[in-house]
Amino acid sequence: MPFREINSKVVEAAVVPGRRLFSQRGAMLAYRGEVAFTPSTTGGQGGLRSMIGRRVAGEDTPLMTVEGSGTVLFGHGGHHIQVIDLSGDTLYVEADRLLAFEGTLEQGTMFLGSQGGVMGMVRGQVSGQGLFTTTLKGHGSVAVMAHGGVIEIPVTPRRPVHVDPQAYVAHHGEVRNKLSTALGWRDMVGRGSGEAFQLELSGSGAVFVQASEEKL
C-alpha cells in the first residue's frame, strides 16, 4: 500500500521507479528523494478518451503526475483524508475529493442518470455532485478528502444503507443506489437534505460517509 496515514490530514506516499502516482494540483506538502511532478493530460489509465469525457462532464480536476524515487507528503486545505484500497472493483467518487491515487487505476466518468434515471440526476444535484461522477477501477489505493472524518459502512445483501446525500463521500463494490424522499413534497419545504432526501445503497460493497454536510 503506497499511502501511509501520518495523521488525519496528511498521508505519506512511497514513490518507486516505474510506478506513477497522480495527485490533485497543490496537494504536495513536502517530499524526499528524486521525485518529479508534471502536469497530467490523461490521469490514470483512462487515456485520452477518458480525459475528454471528464472535461466535457466537468470532472476534469487538474492532476499532477508523480514519478521518481522517494516519499511525498500529501494534504489539502486541512481536510480529513481517507485511504481506500481497491481489489479489482470500482470506486465512485467526486473528482474534487481525489487527493491522490495510484497510476494502476483506470480513471473514468459516469453519468448519474445511468444509475437511477431522473432520480439519479436529482441525486447528483442534492449531493452537490452535479450530473457526473468520477470512477476509479482496478487494483490500487486512493486517498480521498472529506470534512470531519469518515466512516466506512458495509453494504450487504438484504441490508440496505440509507445516508444523507450531502454526507455521502464515495462507494465501491456491486452497489446500487437510488434517491428516495423521506417526507411528502409539501413537508419537505424548509427541511435539510437528510430530512427530505435519503440515498439508499443496496447490494454488496461499502459506502463512505463524512461527519459533516459541508461541501469541499
Side-chain angles (χ1 to χ4, degrees), residues 1-111 128-147 150 169-172 208 210 215-216:
M1 186 174 71
F3 298 112
R4 181 171 70 92
E5 297 180 10
I6 302 300
N7 57 42
S8 64
K9 298 179 180 180
V10 178
V11 294
E12 182 183 70
V15 183
V16 298
R19 298 198 66 173
R20 295 181 299 173
L21 297 175
F22 293 94
S23 68
Q24 188 172 130
R25 190 170 299 174
M28 187 276 289
L29 301 177
Y31 71 91
R32 301 185 186 93
E34 299 296 325
V35 181
F37 301 85
T38 56
S40 171
T41 57
T42 55
Q45 296 191 358
L48 181 62
R49 181 177 299 178
S50 176
M51 182 268 291
I52 294 173
R54 293 194 304 276
R55 183 160 297 174
V56 171
E59 283 283 300
D60 189 35
T61 298
L63 295 175
M64 301 295 289
T65 301
V66 185
E67 298 176 289
S69 177
T71 57
V72 183
L73 295 177
F74 290 115
H76 197 275
H79 299 306
H80 176 90
I81 301 172
Q82 178 74 27
V83 176
I84 303 172
D85 299 316
L86 298 178
S87 300
D89 50 350
T90 301
L91 178 73
Y92 299 85
V93 61
E94 188 178 357
D96 288 346
R97 292 188 180 275
L98 288 175
L99 179 72
F101 61 94
E102 288 189 86
T104 54
L105 296 171
E106 180 181 345
Q107 186 181 11
T109 304
M110 187 197 72
F111 175 53
Q129 287 180 286
L131 297 179
F132 297 85
T133 194
T134 291
T135 60
L136 290 172
K137 181 179 181 180
H139 292 79
S141 296
V142 188
V144 302
M145 296 180 289
H147 275 289
V150 173
V169 173
H171 75 270
H172 70 86
F208 297 87
Q210 67 178 15
K215 283 281 293 173
L216 290 182

**OP:** Take L86 and H172 through the side-chain contact (heavy atoms from CB on, under 4.5 Å) test and state the conclusion after the steps.
**Re:** CA-CA 8 Å; L86 298 178; H172 70 86; 4.2 Å; yes
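- Heavy-atom minimum distance, T90 versus K137: OG1-CG, 3.4 Å.
- Heavy-atom contacts from other residues, nucleotides or ligands closer than 6.0 Å to OH of Y31 number 12 or fewer.
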**OP:** Step by step, work out the side-chain contact (heavy atoms from CB on, under 4.5 Å) result for Q24 and H76.
**Re:** CA-CA 9 Å; Q24 188 172 130; H76 197 275; 3.8 Å; yes
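- Using a 4.5 Å cut-off on side-chain heavy atoms (C-beta onward), T104 and R19 make contact.
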Subject >> Criterion side-chain contact (heavy atoms from CB on, under 4.5 Å) on V93 and V142, from CA distance to verdict >> reply: CA-CA 10 Å; V93 61; V142 188; 5.6 Å; no
Original post:
How far apart are the C-alpha atoms of F101 and L136, what are their side-chain angles, what is the distance that settles it, and do they pass the side-chain contact (heavy atoms from CB on, under 4.5 Å) test?
Top reply: CA-CA 9 Å; F101 61 94; L136 290 172; 3.9 Å; yes
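- Between S69 and V35, the closest heavy-atom pair is O-CG2, 3.9 Å.
- Here CG of L63 is found 7.5 Å from CG of L98. Values are rounded to the nearest 0.5 Å.
- Atom-to-atom distance recorded for T135:OG1 and Q107:CD is 7.5 Å, nearest 0.5 angstrom.
- In this structure, the side chains of L29 and F74 stay at 4.5 Å or more apart for every pair of heavy atoms.
- The two atoms that bring L99 and G75 nearest to each other are CD1-C, 3.9 Å, heavy atoms only.
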Which donor-acceptor pairs under 3.5 Å do side chains of residues 6-17 form with protein atoms, sequence neighbours excluded?
{"from": "N7", "atom 1": "OD1", "to": "K9", "atom 2": "N", "distance (Å)": "2.8"}
{"from": "N7", "atom 1": "OD1", "to": "V10", "atom 2": "N", "distance (Å)": "2.9"}
{"from": "E12", "atom 1": "OE1", "to": "R4", "atom 2": "NE", "distance (Å)": "3.3"}
{"from": "E12", "atom 1": "OE1", "to": "R4", "atom 2": "NH2", "distance (Å)": "3.0"}

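- Closest of all the heavy-atom pairs between L105 and S141 is CD1-O, 3.8 Å.
- Contact record, P2 with E102: CG-CD, 3.3 Å, taken as the closest heavy-atom pair.
- The shortest heavy-atom contact between A143 and F3 is N-CE1, 4.3 Å.
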**OP:** List the steps, then state whether ring-ring contact (aromatic ring centres under 6.0 Å, His included) holds for H80 with H147.
**Re:** CA-CA 6 Å; H80 176 90; H147 275 289; over 10 Å; no
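- Atom CZ of residue F37 and atom CE of residue M28 lie 4.5 Å apart, to the nearest 0.5 angstrom.
- For the pair R97 (side chain) and M145 (backbone), a donor-acceptor distance under 3.5 Å is present.
- Among residues two or more places apart in sequence or in another chain, the side-chain hydrogen bond (donor to acceptor under 3.5 Å, both in side chains) test is passed with E67 by none.
- Rounding to the nearest 0.5 Å places CE of M64 at 9.0 Å from OG of S40.
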